[in-house]
Amino acid sequence: MSALRARPDNSLASLSGFAVLSLLGTLVSAAPATAQGCATACRATNVVHATVGTIMRLTVNGSTTVVASPSPAAYAAGQDAVAGPTAIVKSNGRWKLQISAVEPTWDAANAAARTDKPASDLQWSTLPSGQYTSVATTPSDVAEGAATAGTPLPLHYRAQFDQASDAPGSYTLVVKLTLVGA
């Protein structure tokens with residue numbers, strides 16, 4: 001006699017097991033997302049780093065061309081004082097303003113003018129009646145200071161003349177103002 005054995009129907013049990021495993025898989029994969037969420041308040045910190053470099057600005061008010069045209073009396077006295085431009089310094093740190101001549105001699109504009117007139121024949125000061133210093137190709141310190149939103153530095157020039165050497169003609173000297181960090 002052949003015995004037929006009845007096989008239990010596990011299809012419902014298999015389906016239930018699959019559903020439980022699927023649900024567990026969902027819960028397991030959702031666990032990290034739940035851990036990153038916040039129930040009442042979330043906080044995170046970060047660090048912001050800013051590097052502020054030295055920021056300087058030099059402007060020149062007034063004419064960039066200064067004309068010294070001595071009267072006969074000034075020429076005889078050997079010098080002619082003229083007002084120069086005003087340098088305005090802005091800086092977020094320590095600074096130093098320097099002055100120098102671009103060339104060691106004045107440029108003679110015509111054949112009669114002296115070709116070896118030294119740059120030192122031009123002097124500068126920050127006060128009209130102050131002590132004057134000769135301009136050279138090596139920078140000289142005009143002023144220095146701390147951080148400023150705008151420090152005006154008026155410049156005054158005095159051209160020196162030598163009656164025996166300075167022949168009639170036009171002379172030009174380029175003067176350079178340089179702002180550096182101190």
Side-chain angles (χ1 to χ4, degrees), residues 43-182:
R43 289 190 176 89
T45 61
N46 62 3
V47 176
V48 177
H49 180 79
T51 301
V52 178
T54 302
I55 301 171
M56 298 185 301
R57 183 179 205 161
L58 173 63
T59 55
V60 178
N61 287 346
S63 177
T64 56
T65 302
V66 179
V67 179
S69 184
S71 66
Y75 188 73
Q79 61 189 14
D80 186 26
V82 294
T86 297
I88 299 175
V89 173
K90 293 181 180 181
S91 178
N92 67 343
R94 296 217 38 90
W95 56 270
K96 187 184 300 185
L97 180 65
Q98 298 177 325
I99 189 170
S100 61
V102 173
E103 298 291 331
T105 58
W106 292 64
D107 182 34
N110 51 30
R114 177 180 169 193
T115 58
D116 64 344
K117 183 172 181 62
S120 60
D121 277 359
L122 181 67
Q123 298 176 331
W124 65 271
S125 178
T126 56
L127 299 170
S129 60
Q131 180 180 352
Y132 281 81
T133 303
S134 292
V135 174
T137 54
T138 304
S140 297
D141 295 342
V142 173
E144 62 181 88
T148 178
T151 298
L153 298 162
L155 295 171
H156 302 275
Y157 295 131
R158 185 166 65 190
Q160 302 287 343
F161 299 103
D162 182 344
Q163 290 184 25
S165 302
D166 292 335
S170 291
Y171 299 89
T172 304
L173 182 68
V174 177
V175 176
K176 180 171 54 172
L177 298 174
T178 306
L179 182 61
V180 297

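One finds the CD atom of Gln160 at 8.0 Å from the NZ atom of Lys117 (value rounded to the nearest 0.5 Å). Residue Thr59 holds its OG1 atom at 11.0 Å from CG of Leu177, rounded to the nearest 0.5 Å. To the nearest 0.5 Å, atoms CH2 (Trp106) and CG (Leu122) are separated by 5.0 Å. Taking CG of Leu153 as the reference point, atom CD of Glu144 lies at 11.5 Å (rounded to 0.5 Å). With rounding to the nearest 0.5 Å, the separation of CD in Gln123 from CZ in Arg158 is 4.5 Å.
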From CA spacing to verdict: side chain to side chain contact (heavy atoms under 4.5 Å, CB included), Ser140, Ile99 | CA-CA 5 Å; Ser140 297; Ile99 189 170; 4.2 Å; yes
Checking side chain to side chain contact (heavy atoms under 4.5 Å, CB included) for the pair Leu58/Val89: CA distance, chi angles, key distance, verdict?
-> CA-CA 5 Å; Leu58 173 63; Val89 173; 4.3 Å; yes
Worked verdict on Thr105 versus Thr115 for side chain to side chain contact (heavy atoms under 4.5 Å, CB included) | CA-CA 8 Å; Thr105 58; Thr115 58; over 6 Å; no
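Side-chain atoms of Tyr171 never come within 3.5 Å of backbone atoms of Ala113 as a donor-acceptor pair (strictly under, hydrogens ignored). Listed for the Gln163 side chain is a donor-acceptor partner under 3.5 Å among the backbone atoms of Ala76.
Pairing each heavy atom of Arg57 with each of Leu179, the nearest pair is O-CD2, 3.5 Å. Arg94 and Ser91 get closest at one heavy-atom pair: O-OG, 4.2 Å. Between Val102 and Lys176, the shortest heavy-atom contact is CG2-CB, 4.2 Å. Taking each heavy atom of Ser100 and Pro139 in turn, the nearest pair found is CB-CA, 3.8 Å. Nearest heavy-atom pair across Tyr75 and Pro70 is N-CB, 4.0 Å. Here the closest non-hydrogen pair linking Asp121 and Arg114 is OD2-NH1, 3.9 Å.
In this structure, the side chains of Val175 and Tyr157 come closer than 4.5 Å at one or more pairs of heavy atoms. Side-chain contact between Lys90 and Trp95 is absent, with no heavy atoms from C-beta onward closer than 4.5 Å. Looking only at side-chain heavy atoms (C-beta outward), Thr54 and Asn92 come within less than 4.5 Å of each other. Looking at Leu155 and Val66, their side chains never come closer than 4.5 Å, going by heavy atoms from C-beta outward.
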